[in-house]
There are 2 protein chains.
Amino acid sequence: MTDEKLPETYRPAPESMLCFDLYATHHAVGQVYQPLLAELGLTYPQYLVLVTLWTGDGLTVGELGQRLGLESSTLTPLIKRLENNGVLLRARDKSDERKVRIHLTEAGKQMEGRARHIPGCIAEAFGLPLADLHRLHETLTRMRASLKASMEQS
Amino acid sequence: MTDEKLPETYRPAPESMLCFDLYATHHAVGQVYQPLLAELGLTYPQYLVLVTLWTGDGLTVGELGQRLGLESSTLTPLIKRLENNGVLLRARDKSDERKVRIHLTEAGKQMEGRARHIPGCIAEAFGLPLADLHRLHETLTRMRASLKASMEQS
DNA sequence: CCCATATATATCGTGCACGATATAATCGTA
DNA sequence: TACGATTATATCGTGCACGATATATATGGG
């Protein structure tokens, strides 16, 4: 990073800050998801958990947390809410009783079909050509790698 | 959006979803901010409020909410915490007693100097050339506009 | 002037997210 | 085998964020 002095009048406003772009865009995406997910009785984080389970049932809490970047203190109550709503079941792993494996119920599996239209709706709402979306994905992935690296070293 | 059928085996994983990119990148940025803001005794949303006030003192709760995209139900307690920490004061507007205007204290004004190094640290952690950051800002801004438009019409 | 309506903020209940800590199972090694 | 260290989840307290609702002030039409 350059160390050059910025003029005294340089005062970043939230609207010009990249971190705010991420914050606000993520928020706006959540607003678009909200009515789509409400039909299924899901919140956005709950939907992410189900998407992950649809790619592979029987994951442990830890594996889910690794995929989604969430702690057990977040996942445990979230998963219990999903269990209360009947979309999954929690079961201790027989060969290692420390682990809790999450299994979809029939209702949870069938929900995949009912959610199939959602990615298309979201992609449409983005309103950008596919090439831009690809570039965005790549930029954000590289950025995330860099952010993680800068955290490790400190 | 095209309506063409996707193969039955198409199953988006969170890691390939753009919304997850935004979610995870925003989260990673928060992790980088956290130690920098902890020195000032601030959370990230509190920092955003102060950044906004540094660009113009005496904003109302509603104006802050508009700039940051937050509701009074979020801002009111957040601002009260900042008031308890002595960085700002809340005062009813004399000419319209419905409005609450937020004014920085001396401590709140001085905090701007103590926070001046933060944007540079963050930009460095992004680890991308400035051109990419500009492009990202523009892409996200356009995307946000499109997302908002798609919400209005529905 | 009075009241219906609109506006600005605050309150309440739910859920997400964290760090710190607790608990319980497993593993390594003496 | 016994015990310290590690691992996996759960619990607790704090703060953010929302939608629904309440309260208080302001405004406009009759």
Side-chain angles (χ1 to χ4, degrees), chain A residues 19-20 22-35 37-38 41-50 58-85 90-102 151, chain B residues 19-20 23-35 37-38 40-50 58-85 90-102 151:
Chain A
C19 64
F20 182 75
L22 294 164
Y23 176 82
T25 310
H26 169 246
H27 184 262
V29 174
Q31 300 285 98
V32 175
Y33 266 109
Q34 204 268 326
L37 293 177
L42 295 174
T43 65
Y44 178 66
Q46 289 170 3
Y47 171 69
L48 285 183
V49 165
L50 288 185
L59 295 176
T60 66
V61 173
E63 288 164 346
L64 274 170
Q66 189 117 47
R67 293 277 291 273
L68 300 177
L70 295 175
E71 308 294 320
S72 73
S73 43
T74 302
L75 278 176
T76 295
L78 188 158
I79 289 170
K80 284 185 178 174
R81 279 186 286 270
L82 287 172
E83 187 177 32
N84 286 337
N85 296 346
R90 292 147 24 87
R92 289 279 165 185
D93 186 313
K94 291 275 186 259
S95 73
D96 184 346
E97 297 256 337
R98 292 172 304 178
K99 297 181 182 169
V100 170
R101 294 204 174 271
I102 313 301
M151 277 168 47
Chain B
C19 65
F20 182 75
Y23 176 83
T25 310
H26 168 247
H27 184 261
V29 174
Q31 299 284 97
V32 175
Y33 265 109
Q34 204 268 327
L37 293 176
L40 306 178
L42 294 174
T43 66
Y44 178 66
Q46 290 170 2
Y47 171 69
L48 284 183
V49 166
L50 288 185
L59 296 176
T60 67
V61 173
E63 288 164 345
L64 274 170
Q66 190 119 48
R67 292 276 292 274
L68 300 177
L70 296 175
E71 308 294 320
S72 74
S73 42
T74 302
L75 277 175
T76 296
L78 188 158
I79 289 170
K80 283 185 177 174
R81 279 186 285 271
L82 287 172
E83 188 177 31
N84 286 338
N85 295 345
R90 290 147 27 85
R92 289 278 164 185
D93 186 313
K94 291 276 186 256
S95 73
D96 184 345
E97 297 257 339
R98 292 172 304 178
K99 296 180 182 171
V100 170
R101 295 204 173 271
I102 313 301
M151 276 167 47

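A, B, ... follow the sequence lines: proteins, then strands. Residue 1 opens every chain.
Distance check, rounded to the nearest 0.5 Å: NZ of A:Lys94 to CZ of A:Arg101 gives 12.0 Å. To the nearest 0.5 Å, the span separating CZ on B:Phe20 from OH on A:Tyr44 amounts to 7.5 Å. A distance of 10.0 Å separates CG in A:Asp93 from CZ in A:Arg98, rounded to the nearest 0.5 Å.
Ion pair B:Arg92/B:Glu97 not flagged as a salt bridge, since none of the NZ, NE, NH1 or NH2 atoms sits closer than 4.0 Å to an Asp/Glu carboxylate oxygen.
For the pair A:Glu63 CD and D:dT7 C1', the computed distance is 13 Å after rounding to whole Å. Counting to the nearest Å, the C1' atom of C:dC18 and the NE2 atom of B:His26 are 13 Å from each other. Rounded to an integer number of Å, the gap from CG of B:Leu64 to C1' of C:dA8 is 13 Å. Put simply, CG on B:Asp93 is 11 Å from P on C:dA8, counting in whole angstrom units. For the pair A:Tyr33 OH and D:dC18 C1', the interatomic distance rounds to 19 Å; values are reported in whole Å. The interatomic distance linking B:Tyr44 (OH) with D:dT14 (C1') rounds to 20 Å, in whole Å. Between B:Asn84 atom CG and D:dT14 atom P the separation is 14 Å, expressed in whole Å. Separating the CD atom of B:Gln34 from the C1' atom of D:dG15 is a distance of 12 Å, rounded to the nearest angstrom.
Considering B:Leu82, B:Ile79, B:Leu75 in turn, B:Ile79 is the only one that fulfils the side-chain contact (heavy atoms from CB on, under 4.5 Å) rule with B:Ile102.
Of the residues in residues 65-73 of chain B, those lying under 4.0 Å from DNA chain D by heavy-atom distance are B:Gly69, B:Leu70, B:Glu71, B:Ser73.
Nearest to the side chain of A:Thr60, among D:dT9, C:dT9, D:dG19, sits D:dT9. Here D:dA10 is the nucleotide among C:dG15, D:dA26, D:dA10 with the atom lying nearest to any side-chain atom of A:Val100.
With the nearest nucleotide of DNA chain D identified for both A:Tyr23 and A:Leu75, A:Leu75 has the one nearer the 5' end. If A:Lys94 and A:Pro77 are placed on DNA chain C by their nearest nucleotide, the residue sitting closer to the 5' end is A:Pro77. A residue-by-residue look at B:His27 and B:Val61 shows that B:Val61 has its nearest nucleotide of DNA chain C further toward the 5' end.
Between A:Leu48 and B:Tyr23, some side-chain heavy-atom pair lies under the 4.5 Å cut-off.
Between the side chain of A:Thr76 and the backbone N or O of A:Ser72 there is at least one donor-acceptor pair closer than 3.5 Å.
Judged by distance alone, with hydrogens and angles left aside, A:Arg98 brings a side-chain donor or acceptor within reach of the base of D:dT7, the pair sitting under 3.5 Å.
A:Arg90 comes within contact range of the sugar-phosphate backbone alone, with a heavy-atom separation under 4.0 Å but no base atom that close. Counting non-hydrogen atoms under 4.0 angstrom, A:Gln46 reaches the backbone sugars and phosphates but no base. Nucleic acid contact for B:Thr74: base, since at least one base atom lies under 4.0 Å from a heavy atom of the residue.
Contact check, B:Lys99 against C:dA10: no side-chain N or O comes under 4.0 Å of OP1 or OP2.
Scanning all heavy atoms of the two residues, the minimum distance from A:Gln46 to A:Leu42 falls at OE1-CA, 3.6 Å.
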